[in-house]
Amino acid sequence: MKEFLLGKLDAHALPHEWFTIGGTAAFILGAALIIGLITWKKRWTWLWKEWLTSVDPKKIGIMYFIVAGFMLLRGGLDAIMIWLQQALSSGDSYGYLSADHFQQIFTAHGNIMVFFVAMAFIFGLINYIVPLQIGARDLASPFLNTLGFWLYVAGVVMVNMFFALGGEYAATGWLAIAPLSGTQFSPGVGVDYWIWSLQVSGIGTTLGAINFIMTILKMRAPGMTLWKMPLFTWGSLCSMIMAVTVFPLLTATLFLLFFDRYLGMHFFTTDLGGNAMMYTNLIWMWGHPEVYILMLPAFGVFSEIVSTFSRKRMAYYKSNILGMLGVSAFALSVWLHHFFTMGAGANVNAFFGVMTMIIAIPTSVLVFTWIATMYKGRIRFGVPMLWFLGFIGVFSVGGLAGVLLAVPPADFQLHNSLFLVAHFHTMVIGGVLFGIFAGINYWFPKIAGFRLNERIGRYAFWCWIVGFMMSFIPMYTLGIMGATRRLDHYDASTGWQPFYVLMLIGGIIIMIGVALQLVQIIASIMQKQRLRDTTGDPWDGRTLEWATSSPPPPYNLAVIPEITSRDAFFEFKQRGGLPRAKYEAIHMPKNTAAGIYISAFAFLASFAFVWHITWLIVVGIVGIIVCFIARTFNDDLEYTLSAAEVEKIEKNRLKDVRSEPRQGRDDDEDMGLWEFIKIVVTWALGLIGIRRRSHGN
């Protein structure tokens with residue numbers, strides 16, 4: 001009876017190691033604080049109706065940012081733990097982590113940063129910005145959008161669930177390469193948590209990608225042809241087409257691995273006909289395009305920023321688009337360079353080596369179009385532009401290292417070394433994360449209604465640049481010296497420890513940069529009256545998202561304009577503003593909790609698969625089906641804003657809008673870091689004084 005009710009779940013699964021106890025306590029404390037705050041403010045009804053059940057892509061985008069920001073802190077903590085162990089574990093010292101715990105942290109860090117940080121930030125930007133840029137009021141399927149987000153949240157919970165139940169995560173590397181991920185070598189539940197966290201969130205990603213593609217192809221403003229779309233929208237379209245192409249492959253691969261573990265099959269085992277090499281091919285056929293799925297929207301972000309901050313029309317617009325299309329095409333044919341050492345043969349290795357070098361051509365085209373746009377431009381070096389320039393420097397280093405790794409003989413020497421790890425991080429952090437930070441700083445006024453503090457943003461940028469160079473440039477040196485990845489201990493005679501210590505110091509500087517980014521947001525909120533964007537166009541933008549207020553109304557644009565050029569809003573400003581038209585009734589989707597319910601049942605089914613609880617599997621699957629059926633037969637999906645209501649909203653919205661757009665700039669009112677610290681300390685001392693007086697009374 002116990003096995004029927006609980007499966008493999010027993011008392012040993014409860015937290016019993018210092019890191020699981022600490023992690024569980026931290027999550028419980030954090031949840032308790034949030035629940036207590038919401039209860040104290042009596043905001044549960046507001047939270048449920050206005051946010052959790054919302055189908056507004058702008059609100060869903062903000063929720064992606066919040067969850068991804070939390071996971072960035074979680075993944076960053078893992079990185080610091082890895083660097084600290086490697087800095088300490090030399091010679092007779094074995095650091096503070098066991099070998100198995102180190103491998104678990106290594107795996108969790110990779111999964112979290114790729115799946116639950118970078119992907120979520122990209123989806124947040126696409127949700128918020130793409131409908132505005134193409135003049136759409138919503139996405140093609142608001143329900144699929146909210147479902148995709150809540151499946152992502154279910155994956156976030158699942159990837160952290162081992163803290164509370166299980167006591168271990170996968171110790172297999174972030175892609176769980178077979179046969180190490182099979183039950184023969186990983187008999188615990190860690191790999192199962194890995195499988196189902198990726199499976200649930202990956203299905204959400206696929207649904208979201210389909211939704212974005214249909215929105216971009218079918219819901220553009222009148223006159224906006226493909227060759228008039230903004231470049232961020234183009235990058236998002238290329239990215240989502242790639243996602244629809246390869247994420248089903250990830251889903252199928254994870255199911256096959258699950259069948260090996262759950263049903264005792266032999267797809268990727270070392271015996272009875274299993275083929276572990278096939279797993280490596282399948283996972284990297286998804287894994288390498290995934291890097292470009294993340295990069296292409298970031299390339300679009302940089303294109304928007306370079307054009308706006310150079311105060312010029314984008315040079316070689318079509319070449320930029322062809323560069324993105326070239327990257328998308330070639331990225332699907334280079335996966336085998338990740339395992340040149342596997343013995344595929346000289347001809348196969350030569351083909352994939354050549355293809356890896358060729359992909360540098362369309363990427364270089366993008367860089368040249370950005371440089372050409374800046375040429376003779378009146379460049380403003382705001383924080384978004386600084387992130388772009390930082391990207392150019394870091395990405396160039398990573399690109400040169402990538403060309404070296406594309407040569408099979410060189411890769412034979414450097415494969416599985418820290419040189420490879422440094423290259424990967426140089427490309428993903430420099431190409432993706434810097435793009436995300438640039439995009440958030442660029443579009444934050446549109447999202448929040450006020451600009452971010454420029455001075456503190458610069459401090460954060462320089463901490464990231466300095467910390468990044470100190471952390472990852474030594475990795476290239478260590479890789480050439482023979483240091484392998486996933487190394488938790490090394491002999492003192494190697495002379496590697498100073499490099500690892502330098503990497504740790506760089507990681508600490510990066511974390512200071514992250515802390516400054518949080519301070520930047522807090523300081524900006526404190527200054528929001530002085531930083532408020534009353535124009536909707538703080539940077540003198542060129543694309544349609546700047547044509548509405550900051551933040552935009554739920555329907556984005558009251559009147560969808562006719563588009564005649566690729567810099568649509570800039571052209572309208574040259575003509576004196578958006579053309580006036582008669583307001584009409586607008587049909588808007590109603591909020592729904594169906595996505596939450598379906599994702600909750602998906603989480604229960606996944607959890608049950610991890611612990612072999614058969615009855616709960618049935619409950620989860622049946623619950624998903626029932627929720628989908630109920631949603632299908634629900635015809636009350638929209639509400640209508642009358643023309644009079646739209647006119648009233650627009651009049652109230654436009655009351656304080658200035659006639660001329662304000663240029664984005666640093667001004668004398670910008671709060672510095674020390675001013676912020678002084679205000680916080682004064683506030684804290686004042687609060688203590690209030691409490692003392694209250695206690696005395």
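Values below: all heavy atoms of this structure, side chains included; hydrogens, waters and symmetry mates excluded. Numbers here are sequence positions counted from 1.
Within the structure, no pair that satisfies the salt bridge (Lys or Arg N to Asp or Glu O under 4.0 Å) test touches residues 408-428, not counting sequence neighbours. Sorted pairs that involve residues 336-354 and meet salt bridge (Lys or Arg N to Asp or Glu O under 4.0 Å), not counting sequence neighbours, are lacking altogether. Evaluation of the salt bridge (Lys or Arg N to Asp or Glu O under 4.0 Å) test over residues 236-262, restricted to residues two or more places apart or in two chains, returns D192-R261.
In summary, the aromatic rings of Y152 and Y64 are positioned with their centroids under 6.0 Å apart. For Y193 and F162, the ring centers sit 6.0 Å or farther from each other.
By the side chain to side chain contact (heavy atoms under 4.5 Å, CB included) test, V114 pairs with W174, E290, L294, F424, sequence neighbours left out. Take H425 and apply the side chain to side chain contact (heavy atoms under 4.5 Å, CB included) test, not counting sequence neighbours, and it matches H109, V421, I429, F472. Partners of R485 under the salt bridge (Lys or Arg N to Asp or Glu O under 4.0 Å) rule, at least two apart in sequence or in another chain, do not exist in this structure. Contacts of V367 classified as side chain to side chain contact (heavy atoms under 4.5 Å, CB included), with partners at least two apart in sequence or in another chain: W370, I371, I392. Remark: F412 pairs with F340, T341, N349 by the side chain to side chain contact (heavy atoms under 4.5 Å, CB included) rule, at least two apart or across chains. Under the ring pair (Phe, Tyr, Trp, His ring centres under 6.0 Å) criterion, W196 pairs with F258, F609, sequence neighbours left out. H101 is linked by a ring pair (Phe, Tyr, Trp, His ring centres under 6.0 Å) to W18, F19, counting only residues two or more places apart in sequence or in another chain.
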Under 3.5 Å, side-chain donor or acceptor atoms of residues 355-365 against the rest of the protein: list the pairs with distances, not counting sequence neighbours.
| from | atom 1 | to | atom 2 | distance (Å) |
| --- | --- | --- | --- | --- |
| T356 | OG1 | H337 | ND1 | 2.7 |
| T356 | OG1 | F352 | O | 2.6 |
| T363 | OG1 | I359 | O | 3.0 |
| S364 | OG | A360 | O | 2.7 |

Please table the atom pairs, donor to acceptor, closer than 3.5 Å between any side-chain atom in residues 323-331 and protein atoms at least two apart or in another chain.
| from | atom 1 | to | atom 2 | distance (Å) |
| --- | --- | --- | --- | --- |
| S328 | OG | M324 | O | 2.9 |

